[in-house]
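Residue numbering restarts at 1 for every chain, and letters A, B, ... go by the order of the sequence lines.
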Number of protein chains: 2
Amino acid sequence: MMPLRDALFRPVRAGNAFEETVERLMQAIRLGVVPPGERLPAERELATRLGVSRVTLREAIRSLQDAGIVESRRGRYGGTFVNAELPASLPGRRVEVPELLDALTLRTVLETGAAECAAGRSLGPGERRNLRARLAECSSAELAEYRRKDSRLHLAIAESTGSASLTGAIADVRMRVNELLERIPLLPPNLAHSNDQHELVVTRILDGDAEGARRAMAEHLDGTASLLRGFLS
Amino acid sequence: MMPLRDALFRPVRAGNAFEETVERLMQAIRLGVVPPGERLPAERELATRLGVSRVTLREAIRSLQDAGIVESRRGRYGGTFVNAELPASLPGRRVEVPELLDALTLRTVLETGAAECAAGRSLGPGERRNLRARLAECSSAELAEYRRKDSRLHLAIAESTGSASLTGAIADVRMRVNELLERIPLLPPNLAHSNDQHELVVTRILDGDAEGARRAMAEHLDGTASLLRGFLS
DNA sequence: CTCCAAAGGTATGTCAGCGAGCCATTGGCC
DNA sequence: GGCCAATGGCTCGCTGACATACCTTTGGAG
């Protein structure tokens with residue numbers, strides 16, 4: 001049973017401002033939106049965009065520095081840069097099965113919906129190029145960087161729905177699922193299969209085949225979903 | 001263009017604790033989860049569930065009292081009750097078109113996905129009864145209470161996916177869309193048509209016809225979506 | 001009738017988070 | 001070589017939010 005009120009009277013805030021800020025920055029880095037070597041926006045601008053004070057943002061950045069994830073340089077053309085070598089993430093807490101199913105359900109709904117929606121729009125040349133570029137990056141990715149490139153492709157698909165809320169929701173759920181995926185091994189055969197599926201999804205989106213894109217995405221997601229259910233139950 | 005970074009470096013918090021708490025309470029009331037005449041959870045419990053201090057929760061409740069939405073009674077078996085007669089909501093701010101499309105896109109993805117997912121599960125007798133009850137309530141609703149009963153039915157569908165996150169996301173997006181819908185008139189013919197579509201969606205969910213449930217929900221949502229696009233563009 | 005449990009109402013001390021301003025460093029431009 | 005704009009680094013006072021404790025009201029149980 002999952003009473004409706006539990007879903008509505010859930011916590012208003014996921015954590016304090018500091019924690020949520022760290023979470024956001026990690027999201028941008030782990031999902032490959034700001035790749036290794038690149039610079040985050042300047043503190044003053046980033047603080048404004050995140051709706052957080054510069055002091056709080058700096059505390060968050062500081063904790064990423066301590067974790068070896070970013071480095072800051074002063075002076076003009078300075079800034080905060082994502083390290084080229086990202087440290088392996090620590091194993092998180094134990095995950096309950098209901099929590100897992102919840103995340104997987106939401107992911108399926110959001111990502112299959114996004115694929116269908118993206119295919120149903122008339123994409124601009126920039127968007128089409130973006131999709132193809134992310135697909136190529138993903139195919140040629142090493143094992144160590146695969147999850148990041150994979151997420152980056154999925155986010156590109158989300159982005160091409162034109163809905164910022166949808167994109168944000170997908171980013172959030174991907175963070176939840178990736179945290180779980182990091183506990184199970186990533187094997188080259190899975191990776192090759194995944195690339196084939198990506199190709200199919202992107203092709204159908206570019207062809208405007210909404211129903212086909214949805215089905216291809218559903219099949220793709222089912223792969224990791226059943227892997228996860230197997231490993232964590 | 002909707003750069004990916006805009007979707008990720010969005011504000012960490014939608015407002016201060018007080019505002020977000022008011023929003024949550026309004027959500028429960030406007031979406032019909034706590035119907036007129038019923039009692040909210042006790043302050044101490046509600047504050048805990050919302051992850052907010054009792055002082056802040058009380059400020060929020062106070063502002064709902066001032067707006068004539070709830071009333072508080074002291075003593076044992078007292079509490080905070082939703083008023084039987086809810087005041088008409090004030091016309092909100094002007095809405096931009098991109099914001100509208102964003103909300104509608106997200107709604108379509110979430111709700112068609114939820115319908116499909118609900119149909120694909122084996123629902124328990126309680127869930128089946130719940131769906132039928134909400135459907136009946138909706139059919140027999142007066143104009144004034146239609147949006148609330150309608151939302152309550154859609155939330156029951158969301159709930160029967162078993163995913164709390166999905167249910168919460170649907171509640172959020174419905175609040176956004178309802179705010180827009182309140183600016184356009186609700187006519188009896190629309191209402192009758194809507195009821196037919198509801199019936200179709202629920203029937204297909206109960207029959208386990210996932211693809212059909214999705215299509216029926218998509219059609220249902222298209223109705224209000226095109227109405228909205230017409231009125232607000 | 002009395003008591004008391006459960007609910008709302010109130011007060012207070014503490015701390016996180018904010019805004020604003022200033023300092024320190026750096027590298028390109030003139 | 002000197003200037004200066006853009007960046008990170010730092011400080012201080014103010015306010016919102018919180019935890020905690022206590023008070024007041026109410027209606028049923030005994």
Touch class at under 4.0 angstrom, heavy-atom based, for R73(A) against every strand present: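 Contact class for R73(A): sugar-phosphate only.
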Sugar-phosphate only, base, or nothing, as touched by R13(A) at under 4.0 Å among non-hydrogen atoms: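 Answer is nothing: R13(A) stays at 4.0 Å or more from every strand.
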Side chain to side chain contact (heavy atoms under 4.5 Å, CB included) between N130(A) and S160(A), intermediate numbers included: CA-CA 9 Å; N130(A) 188 28; S160(A) 54; over 6 Å; no
Length of the line joining [X]:[atom1] and [N]:[atom2], which is rounded to integer Å:
X	N	atom1	atom2	answer
E19(B)	dA17(D)	CD	P	8 Å
R62(B)	dA17(D)	CZ	C1'	19 Å
E43(A)	dA24(C)	CD	C1'	13 Å
F81(B)	dA6(C)	CZ	P	16 Å
I61(A)	dG9(D)	CD1	C1'	11 Å
R74(B)	dC4(C)	CZ	C1'	16 Å

Any residue meeting side-chain hydrogen bond (donor to acceptor under 3.5 Å, both in side chains) with R107(B), in chain and number order, not counting sequence neighbours: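 Applying side-chain hydrogen bond (donor to acceptor under 3.5 Å, both in side chains) to R107(B) gives T224(B).
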T48(A): partners by side-chain hydrogen bond (donor to acceptor under 3.5 Å, both in side chains), with sequence neighbours left out: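 For T48(A) there are no side-chain hydrogen bond (donor to acceptor under 3.5 Å, both in side chains) partners, ignoring immediate neighbours.
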Pairwise 5' ranking along DNA chain C for G79(B) and F18(A), keeping only the more 5' one: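 Closest to the 5' end, via its nearest nucleotide, is G79(B).
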With sequence neighbours excluded, residues passing side chain to side chain contact (heavy atoms under 4.5 Å, CB included) with Y77(B):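 Y77(B): no side chain to side chain contact (heavy atoms under 4.5 Å, CB included) contacts found.
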Stretch residues 50-60 of chain A: residues that reach within less than 4.0 Å of DNA chain D through a heavy atom: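 Output list: R54(A), V55(A), R58(A).
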Side chains of N16(A) and T56(A) in contact at under 4.5 Å (non-hydrogen atoms):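 Side chain of N16(A) against side chain of T56(A), heavy atoms only: no contact under 4.5 Å found.
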Can you tabulate the close N/O pairs, meaning under 3.5 Å, that link protein atoms to atoms of nucleotides 28-30 of chain D?
none

Out of dC18(D), dC23(C), dG8(C), whichever nucleotide has its closest atom nearest the side chain of R44(A):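 Comparing dC18(D), dC23(C), dG8(C) against the side chain of R44(A), the answer is dC23(C).
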For [X], enumerate each residue passing the salt bridge (charged side-chain N to carboxylate O under 4.0 Å, His left out) test, keeping only those at least two apart in sequence or located in another chain.
X	answer
E38(A)	R5(B)
R152(B)	none
E145(A)	K149(A)
R147(B)	none

